[in-house]
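Inspection log for the structure reproduced underneath, given as structure tokens.
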Amino acid sequence: MTVGAVTLDIASWPPLDEEKRVFGQRLLDWAADDAGVGPQLFLVRGAEGSGKSHLLAWFLAGAAGHPRTTVHATVPAAGLTAETFAWSLGRQLGYGPLSPARLLDRVSQDERPLLILVPDLHRAGAGPADLPSAAPETLVAELLEPLLALPHLRAAVEVGTSGLLAAHGAEAVEIVDLGEGGDDGSGNGQASYAQLVAAVPRTADGRPDWSQAPDMVLRRVLDAALGTDDPGGQGAAVRGLLADPGFLVHGSATALTAVLTDERIPVPGRLREVWRRAAPELTAYHTDSAERAALLHAAAVDTDPDLTEYLRPLAHQHWWSAVWARRALRVSAVALVPGVERGLLASDPTGRLRTYDVGSGAALGGTASPSVGASDEAAAPSVHPAFVRPRSVAPRDARSALLLDRSDALLPLVTEDDPTAAFALERIAEHHGSAALAGEESVVTALGSGGTRSPYAVVGDRGGTVHVWSLGEYQDVPRSCRVHEQPVTAVTCVDTADGLTLTFSAGADGTVRLWEASAEPMPVPVQQRRYRTTALAAADTSAGPVLAVAWSDGELHLWHVFSGRVRVLPWLQVCDALALTSEGLLVIGDPEGLNAVRLRLDVLWEQ
């Protein structure tokens, strides 16, 4: 038993065959080392069929019953490169898919004592055999060894009969002749490319029907094609698979990611760019072909017209699908413009404001540039002082808005010929500016908008209070309520057909709260997670009020407010800004641009 360990009762775990119990107890003893004097690494060795994977699966099945054995991530390494392994590990640890370098940085800052399981490390690697990414040693050197250098991370790793990680002073078990371990999922890996392709059913016109292909074929056919072709993978077999959109939708996403990383391999159109954008999410567990098509289609819009059109029919079968994208348009804030049909106000990181058609993404009218105080059009708004960089906007109409600057100051954006708007917006800015001077808890931390019948501005502050202002009529003071115990990080509101004003807010503690502005807030959060909310948007739709919540781990949640039902939209990037129309068009601002997604409200809440 490991020195300093607390013995765990193996009887509290699922049943384990008698001949395997000695290995199970050693694994439990290693995991229970509360003193921290034992090795960080536990190696499970053995030949095929010995039961190595079964031992790790058994440990995982009972691990949640003890704090020391809680497993934070399990990443089967077969067929993964350092990059795809990092994406999977990042998702499970709650960071979202990250590059190996960024993952190492995040894990180093994570204060939790982490335990991870890595089955099948000896089968890691993918892509052309002459590249380092095809060898498991590359994953070890680029990711696992740096992770094991962190004192708060421990790992139990299956290495087969290889010598991987042997120099790390690990505790190890060698499992032999256990009889019932099976083949560890390896199956028959000797089938040729021709044999695998022959197992794929054909369409009426003789093309491979990848939607009906056996899972084993989908997993292995690209690797088999690489073995058939020249070392650079430029032969007909690989090129044929990469040119077949059906295979892109149904084939192994991890294998495709590894192959498309090799610049020597010719690809049709701009597939490499499109796949790179979609790969972190495509390599997550998505078995629905329509969802995979929707993800790949979303990545192709505004980049590869041919692939976009091919994927569109299948993508439209899903409950969400991309409508348009403007890849070059990075935004820091977006909001629907009251009184302007299909109008969307967006601010880019330089502070330039522009209005777009929400249905097509086309620019409308001129621009307003707060950083210079005026625009080229006489009717366009201006704002002072100079060098404003809005991080949130709350439009009053097409010509005026309230801005939250990166300096945490509320500023009015108005035209010189609209004194009514100027008076109303300046009053709101003055109110919160004076409050911030009087107390640090009143510093503004969030600004949102909403209201299809009458425009609103919603302000959140450092003390956790939410303030609702009508922009359609003058208010001397807002409706205010302390909704959070922590600073407010995002706010939005929606007015419903039955006269309710529903205000949603997110706090720094990971809570999302609902407050109907004429009553008390709900006593419990709508949702609470350990991640930061990056954006909120709400709309009263034909299905009822819907709330969209974007999180720092990359998840995008869609809530049916009255029933509490939720769907997770697997977007391609962390969302920085959101807007939602009553027709179900969701506008997403992310690090690569501005996008619009159509939600099928008739089936959105079907599970």
Side-chain angles (χ1 to χ4, degrees), residues 79 126-128 187-230 232-279 281-322 570 572:
N188 178 15
Q190 304 304 313
S192 69
Y193 171 73
Q195 291 171 321
L196 293 170
V197 172
V200 181
R202 298 282 159 166
T203 63
D205 57 359
R207 293 179 294 108
D209 184 356
W210 295 106
S211 67
Q212 302 299 318
D215 288 343
M216 180 270 292
V217 172
L218 295 174
R219 290 196 309 268
R220 297 177 183 157
V221 67
L222 187 54
D223 288 337
L226 288 170
T228 300
D229 292 337
D230 55 90
Q234 300 181 37
V238 170
R239 287 188 285 111
L241 292 175
L242 298 181
D244 187 337
F247 182 73
L248 298 178
V249 170
H250 297 281
S252 167
T254 53
L256 279 160
T257 300
V259 168
L260 288 168
T261 301
D262 186 357
E263 298 286 344
R264 300 171 302 178
I265 299 176
V267 300
R270 297 173 69 180
L271 173 61
R272 186 168 278 115
E273 179 182 348
V274 170
W275 190 269
R276 185 69 189 170
R277 184 176 294 134
E281 189 58 44
L282 283 173
T283 51
Y285 188 70
H286 295 296
T287 58
D288 185 339
S289 60
E291 181 157 272
R292 280 192 57 168
L295 287 164
L296 195 55
H297 173 259
V301 172
D302 198 38
T303 300
D304 191 320
D306 292 340
L307 186 57
T308 299
E309 289 307 309
Y310 183 91
L311 294 170
R312 189 186 307 278
L314 183 55
H316 281 189
Q317 295 177 21
H318 197 46
W319 60 267
W320 70 267
S321 59
L572 306 174

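Counting begins at 1 with the first residue of the sequence. All figures in this text were calculated on a predicted structure; none of them were measured in a lab.
- Ion pair Arg312/Glu309 flagged as a salt bridge, since at least one NZ, NE, NH1 or NH2 atom sits closer than 4.0 Å to an Asp/Glu carboxylate oxygen.
- In terms of modelled atom types and a separation under 3.5 Å, the side chain of Arg292 and the main chain of Gly251 share a donor-acceptor contact.
- The side chain to side chain contact (heavy atoms under 4.5 Å, CB included) test with Val274 is passed by exactly one of Leu311, Thr308, Leu248, Asp304: Asp304.
- In plain terms, the two heavy atoms of Leu282 and Ala253 that are nearest each other are O-CB, 3.5 Å.
- In this structure, Trp210 and Thr203 have side chains that are not in contact, with every pair of non-hydrogen atoms separated by 4.5 Å or more.
- Closest of all the heavy-atom pairs between Ala278 and Ala299 is CB-CB, 3.7 Å.
- By the 4.5 Å heavy-atom criterion applied to side chains, Leu295 and Pro570 are counted as neighbours.
- Taken from CG in Leu218 to CG in Leu196, the straight-line distance is 10.0 Å, to the nearest 0.5 Å.
- Residues Ala126 and Gly79 come closest through the heavy atom pair CB-O, 3.5 Å.
- Side-chain contact between Leu256 and Leu242 is present, with heavy atoms from C-beta onward closer than 4.5 Å.
- In terms of modelled atom types and a separation under 3.5 Å, the side chain of Arg272 and the main chain of Asp262 share a donor-acceptor contact.
- The environment of CG in Asp209 is crowded: more than 12 heavy-atom neighbours from other residues, nucleotides or ligands sit within 6.0 Å.
- For the atom pair Thr283 OG1 and Glu281 CD, the distance stands at 7.5 Å (nearest 0.5 Å).
- Side-chain atoms of Tyr310 and His297, non-hydrogen and from C-beta on, never get closer than 4.5 Å to each other.
- No donor-acceptor distance shorter than 3.5 angstrom exists from the side chain of Ser321 to the backbone of Gln317, with no hydrogens or angles considered.
- Considering every non-hydrogen atom in both Asp223 and Gly127, the closest pair reads OD1-N, 4.4 Å.
- A distance of 15.5 Å separates CZ of Arg270 from CZ of Arg276, quoted to the nearest 0.5 Å.
- What you find for Val249 and Ser289 is that their closest heavy atoms are CG1-O, 3.6 Å.
- Atom OG1 of Thr254 is separated from atom CG of Leu222 by 9.5 Å, given to the nearest 0.5 angstrom.
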Verdict with reasoning, Asp288 to Trp319, per side chain to side chain contact (heavy atoms under 4.5 Å, CB included) | CA-CA 11 Å; Asp288 185 339; Trp319 60 267; over 6 Å; no
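- Pairing each heavy atom of Leu296 with each of Trp275, the nearest pair is CD1-CE3, 3.8 Å.
- Ile265 is listed as a side-chain neighbour of Pro128, based on a closest heavy-atom distance under 4.5 Å.
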